[in-house]
Engineer: 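Pasting in a structure now, in structure tokens, and then I'll have a few things to ask.
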Amino acid sequence: MADLFSLAGMQGPARQELADGAVLLRGRALADEESLLASLDGIVAAAPFRHMVTPGGFTMSVAMTSCGAAGWVTDRGGYRYAPLDPLSGRPWPPMPAVFLKLATSAAAEAGFAGFMPDTCLVNRYEPGARMSLHQDKDEGDLGHPIVSVSLGLPAMFQFGGLARNDKPQKVPLEHGDVVVWGGPSRLAFHGVLALKDSAHPRLGRNRINLTFRKAL
DNA sequence: TAGTTCCG
DNA sequence: GCTC
């Protein structure tokens, strides 16, 4: 019987080192696909996707929501983690068990045993949406890694160095891929090129990215 | 600069 | 890809 990788049409290594402390685990989330998507529906029902505004006044093309003890938010006042959803004034939905299990196990595989995220930022990319090169540096303790799960439409991830001017490598990410970075790569610049228009059999014209962090 | 727009 |  064909394994999950064959069924998904994967080729090439299941594990790829992107940099010192940065690992791509291809297809790592496939086994939990339906549980993840069911949990995602519950999160979005309680805390809908919204397009937030950067401190510079630009509306982001990526729509976001969060779950866990805090959620990443941006407005004209800046970037921060907020314990309450500004849209509802209520706490963010709790972190689903399947989210936590995937994040902790993928982190351990990548060399970050003991990672215990307290937030998951959920990013929704529609065709044309993108994320310019940036660093994740709003977390209280940068000793913890980042775990990034890709679902739905494929995207071109950019993974750069510690300086904005470092030329990023282009990494194609597909449904089920997980990228983990921490340690010497924790402050690596990264981004996503504009999403190409196509359709995914399960998620339609959407890419969903789950980004796990220890924020507090 | 987690942003958009324009030029070659 | 470079620019701000």
Side-chain angles (χ1 to χ4, degrees), chain A residues 18-19 21-22 24 40 43-44 47-87 92 95 99 103 117-173 177-182 185-197 206-216:
Chain A
L18 300 180
L24 163 58
L40 176 63
I43 291 167
V44 173
F49 284 115
R50 79 293 306 262
H51 291 274
M52 294 191 284
V53 176
T54 65
F58 297 100
T59 299
M60 298 180 74
S61 59
V62 176
M64 300 174 163
T65 186
S66 285
C67 64
W72 187 84
V73 298
T74 174
D75 57 24
R76 284 170 199 176
Y79 308 137
R80 62 194 175 277
Y81 283 94
L84 303 178
D85 178 354
L87 218 52
W92 299 94
M95 176 98 66
F99 276 36
D118 55 17
T119 180
C120 175
L121 174 62
V122 183
N123 298 124
R124 184 193 66 195
Y125 292 74
E126 294 181 302
R130 60 192 174 80
M131 185 85 73
S132 64
L133 219 52
H134 68 280
Q135 296 169 299
D136 292 9
K137 56 181 182 184
D138 301 316
E139 299 72 33
D141 181 353
L142 300 178
H144 300 281
I146 303 289
V147 175
S148 174
V149 177
S150 293
L151 298 168
L153 291 184
M156 193 61 76
F157 185 55
Q158 289 187 295
F159 194 80
L162 302 182
R164 183 178 286 278
N165 288 339
D166 294 341
K167 181 180 179 178
Q169 52 183 313
K170 289 190 174 83
V171 182
L173 294 182
D177 290 348
V178 178
V179 182
V180 181
W181 66 95
S185 287
R186 178 59 179 75
L187 288 177
F189 278 87
H190 58 284
V192 176
L193 297 182
L195 200 74
K196 182 178 177 177
D197 192 0
N206 296 284
R207 171 176 186 258
I208 299 295
N209 170 252
L210 309 176
T211 302
F212 295 91
R213 306 177 177 119
K214 174 71 177 165
L216 308 179

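Reminder, nothing fancy here: chain letters follow the sequence lines and each chain counts from 1. Hydrogens, waters and symmetry mates are skipped; everything else that's a heavy atom, side chains included, is used.
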Engineer: Parallel, tilted or perpendicular for A:Phe159 and A:Trp181, by the 30°/60° rule?
Structural biologist: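 A:Phe159 and A:Trp181: perpendicular rings.
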Engineer: Look for any protein N or O under 3.5 Å of an N or O in nucleotides 4-8 of chain B and output each such pair with its distance, or none.
Structural biologist:
{"residue": "B:dT4", "atom": "OP2", "partner": "A:Arg130", "partner atom": "NH2", "Å": "2.7"}

Engineer: How close or far is atom C1' of C:dC2 from atom CG of A:Asn165, stated in whole angstroms?
Structural biologist: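 Roughly 11 Å, once rounded to whole Å.
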Engineer: Whether the A:Asn209 and A:Ser148 side chains hold a donor-acceptor pair (N or O, under 3.5 Å, no angle test) is what I'd like checked.
Structural biologist: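 Yes, a side-chain donor-acceptor pair sits under 3.5 Å.
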Engineer: Find the distance A:Tyr79:OH to B:dT1:C1' and express it as a whole number of Å.
Structural biologist: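 So the OH-C1' distance, A:Tyr79 to B:dT1, works out to 7 Å.
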Engineer: Heavy atoms only, 4.0 Å cut-off, all strands: where does A:Arg213 land among base, sugar-phosphate and nothing?
Structural biologist: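 Base, at least one base heavy atom under 4.0 Å.
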Engineer: Can you tell me the distance, in whole Å, between the CD atom of A:Gln158 and the C1' atom of C:dC2?
Structural biologist: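 These atoms are roughly 14 Å apart.
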Engineer: Which whole number of Å gives the distance between the C1' atom of B:dT5 and that of B:dT1?
Structural biologist: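 These two C1' atoms come out 14 Å apart once rounded.
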Engineer: Identify all stems in which DNA chain B takes part, counting only runs of at least 3 consecutive pairs (Watson-Crick or G-U wobble, each distance under 3.5 Å), and give each as one range with another, ordered by first number.
Structural biologist: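 Nothing qualifies as a stem here.
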Engineer: Just how far, in rounded Å, is P of B:dT1 from CZ of A:Arg76?
Structural biologist: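 It works out to 13 Å between those atoms.
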Engineer: Determine whether a donor-acceptor pair (one donor, one acceptor, N or O, separation below 3.5 Å) exists between the side chain of A:Asn123 and the base of B:dA2.
Structural biologist: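 Under the 3.5 Å cut-off, the side chain and the base do not form any donor-acceptor pair.
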Engineer: Taking only N and O in the side chain of A:Lys170, is any of them less than 4.0 Å away from OP1 or OP2 of C:dG1?
Structural biologist: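 Indeed, a polar side-chain atom of A:Lys170 lies that close.
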Engineer: Output the rounded distance in Å from CZ (A:Phe189) to P (B:dT1).
Structural biologist: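 After rounding, the gap between these two atoms is 12 Å.
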